[in-house]
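Submitted below is the structure of interest, expressed as structure tokens.
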Amino acid sequence: VEVYEVEFTKEGETIEVANNENLLEAGEDEGWDLPYACREGQCLSCAGHIEDGPALDYIRHDGNEMLDENEMGDGYCLTCVAYPVSDFTLETSESP
């Protein structure tokens, strides 16, 4: 298991997230009230924005039915199905 540092800008903290833990659950484990609805990558409620570059450079989606390549290229991800593959900065509650 690899562990990466993810800065949650709205929460003002950087936490370690394992590559087998999605961003939503990692934030919830910290006690943060992050937005979500379906938890299955089928809506945009949990969307977040990776400020460092294209989303797929920093996360891997395990099911994503809402974001297209352009949106992911702009750094958007679905936190409920996004697993880190690098260190990055995340802005939650940011929809494309």
Side-chain angles (χ1 to χ4, degrees):
V1 176
E2 299 285 323
V3 176
Y4 302 101
E5 292 193 353
V6 180
E7 179 184 353
F8 284 70
T9 53
K10 286 189 174 155
E11 289 71 24
E13 289 191 43
T14 298
I15 62 171
E16 291 189 341
V17 184
N19 65 354
N20 61 356
E21 182 175 29
N22 69 56
L23 300 175
L24 175 61
E25 289 176 356
E28 289 179 333
D29 287 349
E30 297 294 315
W32 299 333
D33 185 19
L34 300 178
Y36 70 88
C38 75
R39 301 183 88 98
E40 295 176 1
Q42 297 175 356
C43 74
L44 287 172
S45 297
C46 73
H49 184 249
I50 296 169
E51 300 171 5
D52 308 73
L56 296 182
D57 287 355
Y58 298 94
I59 59 100
R60 125 185 110 71
H61 275 129
D62 182 16
N64 159 31
E65 298 183 23
M66 297 304 295
L67 297 175
D68 63 27
E69 285 184 27
N70 288 334
E71 290 164 338
M72 288 184 289
D74 287 339
Y76 291 98
C77 69
L78 301 178
T79 63
C80 74
V81 292
Y83 296 80
V85 297
S86 184
D87 299 343
F88 60 91
T89 299
L90 178 71
E91 185 88 27
T92 51
S93 309
E94 297 294 320
S95 296

Legend entry - More than 12 heavy atoms from other groups under 6.0 Å of CG on D33: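 Open: at most 12 neighbouring heavy atoms sit under 6.0 Å from CG of D33.
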Legend entry - Reported CD-to-OH distance for the pair E94 and Y76, which is rounded to 0.5 angstrom: 6.5 Å
Inset, instruction - Find out if a path of hydrophobic residues (ILVMFWY) with successive side-chain heavy-atom gaps under 4.5 Å connects Y83 to Y58. - result: no
Legend entry - Atom OH of Y36: over 12 foreign heavy atoms under 6.0 Å: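 Atom OH in Y36 is not packed in, count stays at 12 or less.
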Inset, instruction - Measure the spacing between OG of S45 and CG of L78 and express it to the nearest 0.5 Å. - result: 9.5 Å
Inset, instruction - Determine, step by step, whether E40 and E65 satisfy the side chain to side chain contact (heavy atoms under 4.5 Å, CB included) criterion, reporting the C-alpha distance in whole Å, the side-chain angles of both residues, the deciding distance to 0.1 Å, and the verdict. - result: CA-CA 9 Å; E40 295 176 1; E65 298 183 23; over 6 Å; no
Legend entry - Exam field: side chain T89 to backbone E7, donor-acceptor pair closer than 3.5 Å: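 Side chain of T89 to backbone of E7: no pair is present.
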Inset, instruction - Any chance you could lay out the side chain to side chain contact (heavy atoms under 4.5 Å, CB included) test for C77 and N64, step after step, and finish with the verdict? - result: CA-CA 9 Å; C77 69; N64 159 31; over 6 Å; no
Legend entry - C46 side chain reached by P35 side chain, heavy atoms, under 4.5 Å: no
Inset, instruction - Could you tell me whether a side-chain N or O of H49 sits under 3.5 Å from a main-chain N or O of T92, the two making a donor and an acceptor? - result: no
Inset, instruction - Kindly say whether V1 contributes a backbone atom to a donor-acceptor pair with the side chain of N19 at under 3.5 angstrom? - result: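 No; zero donor-acceptor contacts below 3.5 Å.
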Legend entry - Straight-line distance of L56 CG to E69 CD, nearest 0.5 Å: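 Output value for this atom pair is 8.5 Å.
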Inset, instruction - Run through I59, L24, L34, N22 and flag the one making a side chain to side chain contact (heavy atoms under 4.5 Å, CB included) with T79. - result: L24
Inset, instruction - Could you give me the CA-CA distance, side-chain angles and deciding distance for F88 and L23, then say whether side chain to side chain contact (heavy atoms under 4.5 Å, CB included) is met? - result: CA-CA 11 Å; F88 60 91; L23 300 175; 3.8 Å; yes
Legend entry - Atom pair CG/CG of D52 and D87 - distance to nearest 0.5 Å: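 CG of D87 is found 9.0 Å from CG of D52.
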Inset, instruction - Kindly indicate whether the side chain of E13, heavy atoms from C-beta on, has any atom under 4.5 Å from the side chain of F8. - result: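 Sidechains of F8 and E13: no contact.
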Inset, instruction - Report the C-alpha separation of R60 and E2 in whole Å, then their side-chain angles, then the decisive distance to 0.1 Å, and conclude whether the salt bridge (charged side-chain N to carboxylate O under 4.0 Å, His left out) test is met. - result: CA-CA 13 Å; R60 125 185 110 71; E2 299 285 323; over 6 Å; no
Legend entry - Over all atoms of both residues, closest heavy-atom pair of G41 and V81: N-CG1, 3.8 Å
Legend entry - L44 side, atom CG; L67 side, atom CG - distance, nearest 0.5 Å: 6.0 Å
Legend entry - Test: E51 and K10 ion pair at under 4.0 Å: no
Inset, instruction - Would you give the length of the straight line joining atom CD of E5 to atom OG of S86, rounded to the nearest 0.5 angstrom? - result: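 Going from the CD atom of E5 to the OG atom of S86 covers 10.5 Å.
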Inset, instruction - For residues M66 and E71, report the shortest heavy-atom separation together with the two atoms involved. - result: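 For M66 and E71, the tightest heavy-atom pair comes out as O-OE1, 3.6 Å.
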